Structures are given as structure tokens and as C-alpha cells.
Visitor: 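This is the structure I have questions about; it appears just below.
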Amino acid sequence: MDNDHFEPTIIGFTCNWCSYRASDLAGTARMKYAPNVRLIRLMCSGRLDPTFVLRALSAGADGVMITGCHPGECHYIEQNYKALRRYLLLKRVLSGLGIEPERVKLVWASAAEGARFASETTLFVEEIRKLGPLNWSKDSDQLSVISDQSDNWSLITDNSSEEVPA
Amino acid sequence: MTERIGVYVCHCGTNIAGTVDVVDVANWAAEKLKHQGVVIAREYKFMCSSLGQELIEKDIKELGLTRVVVAACSPHLHEKTFRTAAKNAGLNPYLVELASIREQVSWVHSDKTIGTAKSKAVVSGAVSRVIENAALEEIKVPINPNTLVVGGGIAGIQSALEIANAGFHVYLVEREPSIGGHMSQFDKTFPTLDCSACILTPRMVEVGTHPNITLLTWSEVTNVAGYVGNFHVTIKKKARFVNEELCTGCGICQEKCPKKVIDDVYEAGLGYRKAVYTPFAQAVPNFPVMDKENCTYFIKGTCKACEKFCPTNAIDFTQQDKQINIDVGNIILATGYDLFDARRVSNYGYGRLPNVFTSIEFERLSNAAGPTLGNIVLRDGKTTPKSVGIIHCVGSRDKNFNNYCSVICCMQGLKFAHLVHERTGATVYNFYIDMRTAYKAYDEFYQRVLEEGTLFVRGKVAEVTNAARKESEKGKLIIQVEDTLAGKQRRIPVDMVILSSGLQPRADSKEVGKMFGISCSMDGWFTERHPKLDPVATMTEGVFIVGCAQGPKDIPSSVAQGAAAAARVLDKILQKEVMLEPIKASINKETCSGCRICNGLCPFNAIAYIEDDKISDINPALCQGCGTCVAACPAGAISGTGFSDAQIMAQIDGLLLRNLIAA
Amino acid sequence: MNPKPKFAMYWAASCGGCEIAVLNTHEKILDVDANFDIVFWPVAMDAKYKDVEAMEDDSILLTLFNGGIRNDENERLAKLLRRKSKILVAFGSCACEGCIPGLANLSPVGDIVYTAFNTITTDNPNEIYPRTTVDVPEGELHIPTLSKVVRPLEQVVDVDYFMPGCPPESHQIAAVIDLVIDVIKGKAELPPKGSVIGVGNSTVCDECPRTRNVKMVKEFKRIQDIAPADPTLCILEQGVPCNGPATRSGCNARCPQAGAQCIGCYGPAEGVIDYGARLITAFASVIDANTPEEIEHILDGIPDPTGQVYRFNLAGSLMKATKSAWEKA
């Protein structure tokens, strides 16, 4: 697929108190940004389980954007720091799997930063566009080396039906 | 068993329908998501209207819907509306999901094809998620009618009096020996030029004698546990070394004490106090406090003059700090501000050049009860200045120090100008960047000061120096400034410089915030629930912030906030119980291994380790529902309602349209 | 006399350790022989694939299938034994989640073959690499074709039960044998299909006797760096990344009790979809730092995070393999 016409699909995680409100604010102010990010609202960036990122990437997303309150401003005091630690280790593991660590991005945005939310989203979409599609999801059948998937086969050829001397 | 899902797509007039083909989205949901359980999909002009809500209620009753998805505006606006509609129709409100296709789609994208396609994905995500929703019940907790007010400044005093006058008990905890806060240090207050003590002290006396207020001064909160309606607070009442039951406040101990100490709290370092002292004459309570670090008896073991002369034997050198435990339902934080340390602006010479004064130092000079008996004099204690320069915005509106505006410094600077004129007849210059005199009678005050003959120079002062360049500058402080209105550099020689220093959050605001379970902004002020519509509440139920603790403000605003928080607290007390959102985490006893990795993750202390069973457990009343422990548990033993793994994983699959493949 | 129910055990891409674990049940193996007719077990008895093909469908009561699916022979046997067996158990971590052979998924399979024939100690002057078919005078010979990635058994056939472990502990194997014998005798019920058996219901920490406190780790270390280690204190707290908190219990915390960190061979806890994710979040939760610089510095103490979290279950994880393994031949 020609990278120029590639439209990334990105899953974005927002926190209820800051970054989701920032996206609301961007909406209220009619700021336009790239449509490629589909948002999931969590109560806190601290809820971000690495399983979510892995599921998104293995299920067809080309990138994952994680957003939350600025350090020191977390509604739940300090849970965004926990998200930060998980994110940094997750990126290392993804690197080891050959996935460009830039496909997962952590962005802090306060409830007042609608413009920042919009611009960071558009920026991330462009970054993923440059990286190209991830194309991770594979059906099991695609992984088989047996072309004949029917039940009419045998391991036995005519030769091997000979009795082997005891 | 497949759920029966109703999908409702709102036009919101043209707000959504203008950029999203809502009919197409509804039809798509009915057809493509049928296998997941969608039995009806409608679109309507305004879902939040009563007719729109009735659509949902009717379908729930007639079609036996078990789940509802409303694709409309942000859940922050109408989630409650649709949840209530469901409840009215007999469906558990938590089985309703909002899919935002307005703020997150129609308002931020322009292409209708793209908007429609994205809306379909968003609806698909919401449908997949709602299948995994569980029916939840709100949690009711009773409210303890007592209230804790932390900080005895004007804001805290206002809160305490309002609640106490309504008939409920208040514990007022103050760190200093007396209540009154910064306002007790001022001379006059703008714009009325009311004598600060005259308007403050009656309130202080009211607090001190109120039957519904337990006043704990020279005390600090050391621990807070619990949740709204049921806080358990530990207070350390520091030893005064004076028996409050016996002390009459006669003041003989102060008089007879031979040890003089520079008072750098109340007198801003300009005057003395004794080792045993009350900070000022009108202190409430009037019991003195002994300064252990400077008392001759504690240092050398001799003296004890105060004990000898006390007529009621109230001095007690053996007194210990006391720990007091109280139970309250609500907490109001009124901890005030610290003054910006003007020493940091080294080019203004405070601390190096003797006749540069800070605002609080000037208040003490001007105050008739202050160290100079109200005479405005230079650092030598006798010379009256003939010319005074007042510098605004010291440490504020400055990227090198504090970026914000401290709100009160312009009015403060004008007040100083007026007082200097009045008392000394000196020539007064005010150096300002902008004149911020926005509230009632403020601008009129500015005009008055203008008419009094104060000279205003618009420019940020570059330097205050004593390096004279010519004869006329010798022995003076020279203010170097660009007069931006005249377009020239000026060097203005004065005798005295007053720095209108900015306000800062208390140095320990982050620790204090943590103790009470609230957060601070990047600057350090406590964070309010909503900057426009909810300035005294915090994100933590039952904890309120008032006065300068929430951000720099003047006295009328502090008083208003104090009253506002009191009203909110009274509202809660009168309701007798509070409803908490059922977004909570819980630990599966069977699968928890007791690894304790979750134990360090909860800032609300909701997770406890049960030594006997070797597992951890979550107190649902303390749990705030952030979900951090749910994400962290390596055994997958912690689940969270409202935002469960199943819900989120389903939503991911739905957003990526994986659910269509299963069809 | 009623014919004894049939039993089979097969090894696909594995090491043989699971078979040894079964034999390690000592006298219990006699119970197996007493209660079952062993019809197919390459390590222990002589039988041919054609014998299995000749059996009726569902005629083997219990098959323990050990090993991952690496090539077409593994895949064919998996499907064959599924057809012929009533109960198919993914036995051992290889079959459950890929295990060590699953680490092949870190590289493209072509690179693996190339490397195998080009090591420092290999003499391959004519650059000969294996082919899967060759014509010889007697006809066409075929050796198994490697698939792109190793797959756990359940990605190829429907599996009835899972028994993780590398190998499953012998006492657990003995317990499962006893259970199956009881089921045959009508004295017990089989657990629900799809269950993980031969395990505890929590993670290794549940069985580990070491003291545990609130963990704050400022530095990750190797086990030899903390010598002499405190044998009574949680290993993770001493700074060594121990996979115990995320690993299914059932082994009696063998390794921590012997002074070594758990490396995670029993796989994930009940209901966990991706084992590695649980370890990522576990290790991240104990890091005692808040700034990116400090956190990165502490993370440098885990030099191979991918291997640390996916040593035994890369093939069974959500991502299953590296990008290059998917993409290159």
C-alpha cells in the first residue's frame, strides 16, 4: 500500500478529568483535527493496562495514543506517574518485538488544553502515517504451511505401508 | 444470552447531522450490529429533550431492552439525563452508554463521509462495550455533622462562623498561636481603608467564644483517613507550656520575660517579642505560647521568671504535645498563602539595601500597633522618607519567578501610596506594568490616588541601586526604569522603596494536599473541581478549598468563598447521607496471592494488607475508582466496576470493527 | 473384561522434559499402565502414525499433547490426535503457550535456518541448506516444513484442558492422573471444558513462604548481584525481577524456595489474556521513581525486557511474534 494514501487507525485512551475534557473543549471550540483517532474514556490514565495497548495493536490499530493529566495535576493525585512507568517499560518490550516504539505515544493534556489535544492528535496521526500500517492481525489459517486444509490426507505414502522388520 | 440493545443517534439539530449522516449510522447499527443484539436503532433531532427521552423509555418497556447506547454529545453533559431516563423505565442506569459523536466527531471533522464512518466505529465500540456493562447501585454513606476547618485566616473564620451559626459543630485548627492569618498583620484594607484589625477582631472574638467552635491553635493536622461523611483526623496540639485552664491572659509572663527574640513571623522581622509571647494584643485565644528554642529555661535550665510571676500558676514546663483524634464529615482547607521571597529578585536589592522594604514589612511600619507605632520611617527607625518608590509585580507575572498575577498587589501598591502620602507627605512613585483594579470601588480608589498626586510610571523596574552616578543621587536609592509611556529611560532617586511582593502557595502545599487527598496545580495552588463553575469544591468529595489556598485573591473574595464552602457543607450535613458513584475496585480473595504490589499504588489508602490471611483487601468507601490497581494486579485478581477489563477490551474490538467479523 | 480406556502422549516441538516429568511420577506410572491402554507414546513405546490413523474417531479417551506447533508434521499430528481423542490436553507450557521453542518467534524462520547452518563451529563450505522436498530414485522425499511462527496447540485445534509448566510438576501430574482415574470410575466429575488443570488458583506468591512488604525498587539487579541474598525476603523486593506475582501457582514456588527468581514457566493466572502485560505492569508498579529519566535509568537494570516478560509465552501472547517474523520468509 502506498504510504501516501495510508489512513492510520489509532486508538486513543483519555482520562475522564483532564484529557477527555480537553477533547471536549476542542470540540466546543470547533477546532479541527485529524479523524483517525478513536477515543476510549477511562477514569484515569492509571487505568491503562498494557493489555489494552497490545490488544489494540494486534487487533488492527496502527498506533495507540495515551493521554492523561500533567504530572502533579492528576485528579487522583499521582496515578499518572504509574501510567508513565508502565508506558516506558511497555515501549521497551514493543521494541523487542520489532514494533517501532513511536507507535505508542503518551501525551499529557489538562482540561484547559483543547488546542493542544487537537494539535497533538494531528501530529501523532502524521507520525504514524510516516511509519506505515502495522498490519498485525493474522488469522490462524494464514499461519499454516499446509495448503490442503481438508481432512482427506494421510501422512502415509504408499512406500511406508511396508512392514518394518521387528 | 444475547442482550437486547437499543441504539439512539441524535441529530442535535445540525450540530451532529450537519457533518454526520445520522440516518445512515442508525441503519448501519440496526443491520451490522444485529448479531450482537441490537434490536432497534433510531435517530432523532434532540435525544436530550423530553420527547427524545420518552423514545428510550418506551422502547425499554415495550421492546424489553436490556442495554441502551445513545450516540450524541459528550457524556459530561447528558450521561445523567439518559441514565435517569433508563431508571425511570425500570432499567439499571449503569446499563446505558454514551457514544460521543459531537465533541469528538461532528464538531472536529468537516468531511461528512469521514464523520459518518467514524461515528459508525464509535457506535460499534459503545455497543460492544455496553454488552459487558454490569448493573450497579449507588453507594449511600451517612454524614457526620461535624466539620473541620484548617486555617484560621479570614476565609477559615468565615466558614467556621457560618457553619457554627447554623447549629453544627466546627473544629478550627490553626498552626499559629492565634487565629487571624495575614489579615491581622495589615494596617488598612483597600478600597475602603477600613482598619484591618477593627473589622477582623470582632470576628475573631466571635470564633473564640462560640459554643459550637472548638478552637485548636498552635496545632496541626497530622493525618487524615476516611472519606466524605466519615473522616478520621489526627491533630497534633503542640505544647504551649501554658495551662489553658488556668491562664487568664493577663500578660505578666510576657512583661517579665527577659529574653527578647526577633519576631520574624508576625512583625516580619522588624520588631521583637519575648520567648513567651502572644503574637499580638488582640490574639485569640489570648493564651501565650512558649518558644522552646529561645527560652532560657529550656536552653540553660535557669530563669523561670514567667512561672515566678504568674498569678494563677499557669506556666507548665512539663507540658507535652497532645494528639487529638476527631471524626468529621467535611473538611474545609483555608490555609492561605506565603509571601514571595523578594530576596530572589536580586536586582531590587531587598536584603542587601537597607531601605528596600517588602509589602508585609510596610504593613507593620504603617500599623499603629507595630514596631514603629505607625510611623513610616527608614530602616534606621527614625528618618521619615521624603520620596518613596513603590514597585508592582515583584515576583509575579514573571517567567523567572511566578508566571501568574497575584491579583492584590496593584491595589496594595495604591494603598501604600495613599498611606505614605497621608502620613509623611512624601513624593510617591508607583511603578506598574498594568493597573489591575477590577472590582467594586477599586478603580475609583485608583483615581483617588491619582488625584492625591501620586506619580505613576508605566514600566517594569530594571534595578534598584545605591550606586550614584551624579551628586543628586548620592545617599539615595535609585530606581532604574523604562518609562514606556514617555519612551525614555529614567533614573529616579528615592529614600525608600516598597516592593509589592506577590503571593505564593504555602511551601508545604503539595504535602498538605496529599494528606487531604487533593491535588495542586503546577504552580502549587490547590486544584478546584471546576475553575468556572465549582471553585470551592475539589475532586475529592467532602474536601473544600477557600481563600488564597485556592489562588491569590482579595479579602471580599476570600470571605465569599468561605461562605460558599460553608453553604456546601451545610447542604451535605442537612441531607444526612451522600451518594457515591459505584465505580470501585475489589479484590478476589481466592485469586489474590498477597504479593502486595497493589499496596503502594493507592493514594487514598483504600488498599490494606491482611496479615492473617496473607491477602490484600480494598475498602470500597475509600476507593475513588481510578482503576490503577485494576491495571496493576499481576494476577488479574482486582476487578473494577464501571470500567472493567471486559468492557474496555470489547470497546477496543468494537472501535476496530473486529465485532463485524464475527457476524 | 472391559477394555481399558486408551491413552496417548505425543511430543511436537518440545524438549522431552514433560515426558520425563510423567515418568517422574515414579510408581504412579504403574497406575497409568493399570488403568489405561497406552496406544501411542513415541518416547516409551513403538507405534506408527498409520496405527493412529487406523483408530476410530474419539477412540482415545485421553491424549496428552506436549510441544508447540512448529512444522506441518506437528500440525498434522495435532489435527489427527484431535480427531481420534475424546479429551485432548495441551500438556506442558510448549503446548499451552509456546514455551522456549516459542522464542523462535523472535526471528524470521529463514534467519533461524540460516543461522543453524552457519554457526562458528559449523563447517558448511558448500553452503548447503535443507530443502523440504528432494527427488531420489525411489521417489519424492519430504521433510517437515517449518511454519512462519510457532503456535500453541489451541491456535491449531480445539483443546479440552490445559496443563502448564515447564515441565508440569510431577505431583500435579500425579494428581491429574488420579482425577482422571476417578472420573473413569465414576467417582468424580471432569472440570469444565477449557479449564487449566494441575494448577493452584492464584499465583506463585501465594505458595511462596518469603516475607513480602510494600515494594519500592530503586534498582533492578541480577540474582548474583544480591549475593548473599536474604532467603526470607521477597526476591522482587531485593531488586531481582521475579516473575512470581504474574505466574500461575501450582509448583509450590520451587524456584524461590531454592533461592532463584521465578522465571514464569507456569504461565498466566486465571483469566489473564496476555502474560507479558501483567509483568510489565507489575514491574512498573514497584519502580520507585517519578521522572522519565529516573524511570529509564531503573529500567536499564532489565536488559532484555521482552525476554523477561515473554520467556515462556511469546507464542501465546497477543502479539505472538516479532514484526520481522511475520513479515519475512
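Here the structure is a predicted model, which is why all the values come from computation and not from measurement.
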Visitor: Can you name the salt bridge (Lys or Arg N to Asp or Glu O under 4.0 Å) partners of Lys221(C), sequence neighbours left out?
Guide: none

Visitor: Between Arg82(C) (side chain only) and Ser85(C) (backbone N and O only), is there a donor and an acceptor less than 3.5 Å apart?
Guide: yes

Visitor: Sub-4.5 Å heavy-atom contacts with chain C: which residues of residues 19-55 of chain A show up?
Guide: Asp49(A), Pro50(A), Thr51(A), Leu54(A), Arg55(A)

Visitor: Which bit of Leu314(C) comes within less than 4.5 Å of chain A, counting heavy atoms only: side chain, backbone, both or neither?
Guide: side chain

Visitor: Output the option from Arg86(A), Glu78(A), Arg85(A) having the highest count of non-hydrogen pairs under 4.5 Å with chain C.
Guide: Arg85(A)

Visitor: Can you tell me if NE2 on His142(C) sees more than 12 non-hydrogen neighbours from other groups inside 6.0 Å?
Guide: yes

Visitor: Are Met319(C) and Leu57(A) side-chain neighbours, meaning at least one heavy-atom pair lies under 4.5 Å?
Guide: yes

Visitor: I want to check something: taking the side chain as every heavy atom from C-beta on, are Phe40(C) and Asp51(C) in contact at a cut-off of under 4.5 Å?
Guide: no

Visitor: Heavy-atom distance under 4.5 Å to chain A: side chain of Asp300(C), backbone, both or neither?
Guide: both

Visitor: Tell me which of these, Thr322(C), Leu106(C), Asn290(C), Ile287(C), has more heavy-atom pairs under 4.5 Å with chain A than the rest.
Guide: Asn290(C)

Visitor: Which bit of Ala282(C) is near chain A, if near means a heavy-atom gap under 4.5 Å: side chain, backbone, both or neither?
Guide: neither

Visitor: Is a side-chain N or O of Arg278(C) found less than 3.5 angstrom from the main chain of Pro268(C), in a donor-acceptor match?
Guide: no

Visitor: Any side-chain heavy atom of Asp57(C) within less than 4.5 Å of one from Lys84(C)?
Guide: yes

Visitor: Heavy atom to heavy atom, less than 4.5 Å: which residues from residues 99-109 of chain A reach chain C?
Guide: Ile99(A), Glu100(A), Arg103(A)

Visitor: Looking at side-chain heavy atoms only, is the closest gap between Leu134(A) and Lys323(C) below 4.5 Å?
Guide: yes

Visitor: So, do Asp62(A) and Leu131(A) sit near enough that their side-chain heavy atoms are less than 4.5 Å apart?
Guide: no

Visitor: Does a donor on one side chain sit under 3.5 Å from an acceptor on the other, for Tyr310(C) and Asp274(C)?
Guide: yes

Visitor: May I ask you to test the Tyr275(C)-Val309(C) pair for a side-chain heavy-atom distance under 4.5 Å?
Guide: no

Visitor: Please enumerate all residues that pass side-chain contact (heavy atoms from CB on, under 4.5 Å) together with Tyr129(C), with sequence neighbours excluded.
Guide: Tyr114(C), Phe117(C), Asn118(C), Asn124(C), Glu127(C)

